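What you see is a predicted model; the values in this text were computed from it and never measured. Residue numbers start at 1 and run along the sequence shown.
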Amino acid sequence: VLGYRPDELIGQQVEVLVPKVAWEAHRRHRSEYVASPHPRPMGSGPQLAARKKDGEEIPVDISLSAVKFSAGLVVVTAMRDVSDRVRDQAALRAAELRFNAAFRNAPIGIALIDHGGRVLLANGALAAMLRLDIGEDGETDLVMLAHPTDRALLRRTFADLGSGEIAAYRGQCRLVT
């Protein structure tokens, strides 16, 4: 993962694997850990970085466990490269931001609706169109805003979507404002 052969690390201070800007803090943390060892599971603390042989820094998860032998304390460390996860999380955050911007700023009315017909989220265009205060509380029942002759179809459609009987629905209905 870090580009070293195992024999290259033997006898080295662990800080060779730590980004240079964190050396002093790491030495303090290491001293504190040795004074009061406790298991540290992967991913249980802040995002950590490791320094590769070529100087590149990568995000990692690290677990620590202390083992006491008659000769002294040994700290067992496991490290996992989490570059893919960090990159995927950043891409997901960016996609969520793009979706939210498009949803909220769309000039057409858009709503996210649960299988019972309750509005979970609506954009401003829909609220303005219906002249309603549509909040994010799940209390607005879109079916009840529909024309009475369209309500039964909408209820069945939402039930079918919720049960998985149909995967998507595109249609029109009349809304009463």
Side-chain angles (χ1 to χ4, degrees), residues 1-116 118-128 133-140 161-162 164 167-168:
V1 170
L2 299 178
Y4 290 94
R5 291 187 323 269
D7 61 309
E8 290 181 278
L9 295 173
I10 294 174
Q12 298 288 326
Q13 289 291 313
V14 71
E15 280 77 23
V16 73
L17 304 175
V18 174
K20 287 183 179 183
V21 298
W23 281 1
E24 290 305 316
H26 186 267
R27 285 186 181 107
R28 267 193 325 279
H29 291 308
R30 187 164 42 99
S31 294
E32 291 167 3
Y33 184 85
V34 169
S36 179
H38 56 281
R40 181 189 181 280
M42 282 203 179
S44 64
Q47 180 60 65
L48 302 173
R51 191 166 145 259
K52 295 172 72 171
K53 184 177 180 179
D54 64 7
E56 179 188 359
E57 293 179 13
I58 61 169
V60 294
D61 274 347
I62 295 177
S63 68
L64 301 174
S65 295
V67 180
K68 292 182 182 179
F69 290 101
S70 58
L73 182 73
V74 173
V75 177
V76 178
T77 304
M79 180 186 310
R80 175 176 46 213
D81 179 352
V82 293
S83 298
D84 290 343
R85 183 182 74 204
V86 170
R87 185 178 50 254
D88 291 348
Q89 288 172 338
L92 177 61
R93 279 191 303 278
E96 287 172 342
L97 289 172
R98 285 191 309 274
F99 169 81
N100 285 330
F103 181 88
R104 294 190 186 286
N105 298 317
I108 61 171
I110 304 173
L112 300 180
I113 303 164
D114 72 8
H115 67 277
R118 286 179 300 280
V119 176
L120 301 175
L121 183 64
N123 70 351
L126 183 65
D133 180 19
I134 300 176
E136 296 183 18
D137 56 7
E139 294 299 318
T140 304
L161 285 166

*Mind jotting down which residue pairs meet the ring-ring contact (aromatic ring centres under 6.0 Å, His included) criterion with at least one end in residues 40-80? Sequence neighbours excluded, please.*
none
*Out of curiosity, Leu73 CG to Lys68 NZ, how far, rounded to the nearest 0.5 Å?*
7.0 Å
*Could you grab the distance from atom CG of Asn123 to atom CD1 of Ile108, nearest 0.5 Å is fine?*
7.5 Å
*Sequence neighbours excluded - salt bridge (Lys or Arg N to Asp or Glu O under 4.0 Å) pairs with any residue from residues 82-91*: Asp61-Arg85, Asp84-Arg87
*asked:* Within the 4.5 Å heavy-atom criterion, are Val86 and Gln47 side-chain neighbours or not?
replied: yes
*To the nearest 0.5 Å, how far apart are CG in Leu120 and CZ in Arg118?*
8.0 Å
*With sequence neighbours excluded, what pairs up with Lys53 under the side chain to side chain donor-acceptor pair (under 3.5 Å) test?*
Glu8
_Can you pull out every salt bridge (Lys or Arg N to Asp or Glu O under 4.0 Å) where at least one residue sits in residues 31-51? Sequence neighbours excluded, please._
none
*Please lay out, stage by stage, how Val16 and Leu9 fare under the test side-chain contact (heavy atoms from CB on, under 4.5 Å).*
CA-CA 8 Å; Val16 73; Leu9 295 173; 4.1 Å; yes
*What residues, two or more places apart in sequence or in another chain, satisfy side chain to side chain donor-acceptor pair (under 3.5 Å) together with Ser83?*
Asp81
*Contact list for residues 71-90, test ring-ring contact (aromatic ring centres under 6.0 Å, His included), sequence neighbours left out*: none
*asked:* Restricting to side chain to side chain donor-acceptor pair (under 3.5 Å), what partner residues turn up for Arg5, sequence neighbours left out?
replied: Asp7
*Give, for atom CG of Leu121 and atom CG of Asn100, the distance between the pair rounded to the nearest 0.5 Å.*
7.5 Å
*How far does CG of Leu48 sit from CE of Met42, to the nearest 0.5 angstrom?*
10.5 Å
*Would you sort out whether Leu2 and Leu17 count as a side-chain contact (heavy atoms from CB on, under 4.5 Å), showing the intermediate values?*
CA-CA 8 Å; Leu2 299 178; Leu17 304 175; 3.7 Å; yes
*Do Lys52 and Ile58 come close enough that some side-chain heavy atom pair is under 4.5 Å?*
yes
*Do Leu126 and Ile110 pass the side-chain contact (heavy atoms from CB on, under 4.5 Å) test, and can you show the C-alpha distance, the side-chain angles, and the key distance before you say yes or no?*
CA-CA 6 Å; Leu126 183 65; Ile110 304 173; over 6 Å; no
*Shortest non-hydrogen contact between Ala125 and Ala106, atoms and distance*: CB-O, 3.5 Å
*Name all residues meeting the ring pair (Phe, Tyr, Trp, His ring centres under 6.0 Å) criterion together with Phe99; count only those two or more places apart in sequence or in a different chain, and write none if there are none.*
Phe103
*Who are the salt bridge (charged side-chain N to carboxylate O under 4.0 Å, His left out) partners of Glu57, not counting sequence neighbours?*
none
*Would a distance-only check, ignoring hydrogens and angles, find a side-chain to backbone donor-acceptor pair under 3.5 Å from Ser44 to Pro41?*
yes
*asked:* Taking side chain to side chain donor-acceptor pair (under 3.5 Å) as the definition, give me every residue that meets it alongside Gln12, ordered by chain and number, with sequence neighbours left out.
replied: none
_Holding to ring pair (Phe, Tyr, Trp, His ring centres under 6.0 Å), I want the full list of residues that pass it with Tyr4, two or more places apart in sequence or in another chain._
none
*How would you list all residue pairs meeting side-chain hydrogen bond (donor to acceptor under 3.5 Å, both in side chains) that involve residues 13-25, not counting sequence neighbours?*
Gln13-Arg30, Glu15-His26, Glu15-Arg30, Glu24-Arg27
